[in-house]
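Accompanying notes for the structure given below.
All of these numbers come straight from a predicted model, not from anything done at the bench. Remember, it's 1-based here, ligands and their atoms both numbered in the order they're listed.
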Amino acid sequence: MQIHHTIASLRAARAIAGKVAFVPTMGNLHEGHITLMREAGEKADCVIVSIFVNRLQFGAGEDFDHYPRTLAADCEMLAAAGVKHVFAPDETELYPQPQRYHVDPAPAQVSILEGEFRPGHFRGVATVVLKLLNIVQPDYALFGKKDYQQLMVLSNMVRELALPVEVLAGDTVRADDGLALSSRNGYLSAAERARAPLLHQLLCRIRDAVRAGDHDLLKLETDALDALAAAGWQPDYIAVRRRADLQPPVHMDDALVVLAAAKLGQTRLIDNLEI
Ligand code: PAF
């Protein structure tokens, strides 16, 4: 496995790599990422992974400075998963000057859910992902469904800007107790980690109720928010939305997803379930 720190070196390797599947990450990899790498390996001759903690997508007071940077351990996992190339630029390589050109996703898609609580987040994500796609020029790009809104924003960006890449979605990988794997789980204390599966349990409860014909979404959402608050969480949202555009459903036969974000102690967790 080769580790590239410059755009020039990555491009030279990509030029002779055949069909490429690309998985952008911010590192601190876990089994969820590695599952994406394996899926990528099934699609293409060569898997390229980027590891870059992207300042543009963090808001003031978020965890950019403390985001875990674990390049050596990440590279060991990637080599074992059969990844051929890692692109790990430092900030001066990717942003040699402050970024002045940005991708502004459609406001209707980024003023809701995560976008409401993390203004500017998806602009930062879309900008770095467009830049990474331009550098890597992959045939496929893989993103996890755990970041459901991110997947939607990036799929739309690729379609609306006619980028020559196919976006593939990877299912969320969960711990045995249901907690969605996330780099941010590492912030939880042992006591918080034991309480963390509640978020997934409440999403399952809503999914099962809707599937069983309960269409009182407001009550289902409010009950779950109350349950989180009663258990000492600070919920941001729990919402049943249309999968296609994450807007509130008009018809209950729309394909739906329930999404949630809540803080447990200092750690903000997100999760979702397709219904
Ligand atoms: O999902 C992530 O880890 C990041 O948002 C991404 C897509 C790598 C862009 O920085």
Main-chain N/O of Q57 paired to H121 side chain as donor or acceptor, under 3.5 Å
yes
How are the rings of H85 and H4 set relative to one another: parallel (under 30°), tilted (30 to 60°) or perpendicular (over 60°)?
tilted
For ligand 1, which atoms have a heavy atom of V128 less than 4.0 angstrom away?
9 (C), 10 (O)
Backbone N/O of V240 and side chain of E221: donor-acceptor pair under 3.5 Å:
yes
For atom 10 (O) of ligand 1, which candidate among H121, Q57, Q150, M26 provides the closest heavy atom?
Q57
Sub-4.0 Å atoms of ligand 1 with respect to non-hydrogen atoms of P24
8 (C)
Taking the six-membered ring of Y148 as reference, does the NZ or CZ atom of R242 fall below 6.0 Å from its centre and within a 45° cone about the axis?
no
Which one holds for T25 and ligand 1: side chain close, backbone close, both close, or neither close, with close meaning a heavy atom under 4.0 Å?
backbone
